[in-house]
Amino acid sequence: MRIGELAAKAGVSVRALRYYEEQGLLVAERSPSGQRHYPDSGVDQVLLIQQLYAAGLPSRSIRAVLPCVETGEATPELLEWFTAERDRIDRQMRDLASARDRLDSLIVGATAVWRSGRPCPAR
DNA sequence: ATTCTAACA
DNA sequence: TGTTAGCA
């Protein structure tokens, strides 16, 4: 199928498909005229790429991990990699929660200042 | 009409 | 990624 059909079936833009190829995530066969042609399996390929992007992996990581996932092989290395990713995300969540709590404290403090009749500091 | 490459008011 | 330009 051509790029437009794949884009429709996979629910992504044609632009995205060309970008995936540029990033080395998706292979495309070329017709004599230069048009890209994809096998039916391309739909699942794109779906997988989307899941990995949604998981927060940069294209570079996806490129490295794709060959393993595609073959359906849940290799130990792959599981370690994903586990490490999960931990990274967990750390970010905790850092954000921390930053949020500190903002909450500042908000409470600022509110107390206003109630005491002090002038509101400029932004 | 669709795709391709290249490039960015 | 969107979008646009100029082709095939």
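Order of the sequence lines sets the chain letters (A, B, ...), proteins ahead of strands, with each chain counted from 1. Because the structure is predicted, anything quoted here is derived from the model rather than measured.
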Could you check whether any side-chain heavy atom of A:Leu48 comes within less than 4.5 Å of a side-chain heavy atom of A:Gln51, counting everything from C-beta outward? yes
Backbone N or O of A:Arg94 within a donor-acceptor pair of the A:Ser98 side chain at under 3.5 Å? no
Please report the shortest heavy-atom distance between A:Ser13 and A:Ala7, naming the atom on each side. C-CB, 4.1 Å
Would A:Arg91 and A:Asp95 pass as an ion pair if we require N to O under 4.0 Å? no
Would A:Leu78 end up clustered with A:Ile62 when hydrophobic side chains under 4.5 Å apart are linked, directly or stepwise? yes
In the structure I gave you, are the side-chain heavy atoms of A:Leu26 and A:Tyr38 within less than 4.5 Å of one another anywhere? yes
Partner of A:Leu17 by side-chain contact (heavy atoms from CB on, under 4.5 Å), out of A:Ile49, A:Leu25, A:Val12: A:Val12
Atom-pair distance (CD on A:Glu29; P on B:dT3), nearest Å: 16 Å
Any ion pair linking A:Glu85 and A:Arg88 (charged N to carboxylate O, less than 4.0 Å)? yes
Take the protein atom OH of A:Tyr38 and the nucleotide atom C1' of B:dC4, then report the distance between them rounded to whole Å. 11 Å
A:Arg30 CZ to B:dT3 P, in whole Å, measures 13 Å
Once you round it to whole Å, what is the distance between C1' of B:dT2 and CE of A:Met1? 16 Å
Does anyone know the first and last nucleotide of DNA chain C in reach of chain A, 5' to 3', at under 4.0 angstrom to a heavy atom? C:dT1 to C:dT3
Would you sketch DNA chain C in dot-bracket for me? Only Watson-Crick or G-U wobble pairs with both distances under 3.5 Å count, crossing pairs as [ ], other-strand pairs as |, the rest as dots. .|||||.|
The side chain of A:Arg36 lies closest to which of these nucleotides: B:dC4, B:dT2, B:dA7? B:dC4
CD of A:Gln35 versus P of B:dT5: gap in Å, rounded? 10 Å
Contact class for A:Tyr20 vs. all strands (heavy atom < 4.0 Å): base, sugar-phosphate, or nothing? sugar-phosphate
Write down the distance between OH (A:Tyr19) and C1' (B:dA6), rounded to a whole number of angstrom. 16 Å
Of all of residues 3-12 of chain A, which get a heavy atom below 4.0 angstrom from DNA chain B, listed by number? A:Ile3, A:Gly4
Nearest heavy atoms of A:Glu21 and A:Ala28, plus distance in Å: OE1-CB, 3.4 Å
Nearest heavy-atom approach of A:Ala10 to A:Val46 is CB-CG1, 3.6 Å
Here the pair of heavy atoms bringing A:Gly24 nearest to A:Arg63 is O-CG, 3.8 Å
Remember a base hit wins even if backbone is also touched, and classify A:Ser13 as base, sugar-phosphate or nothing at under 4.0 Å, heavy atoms. sugar-phosphate
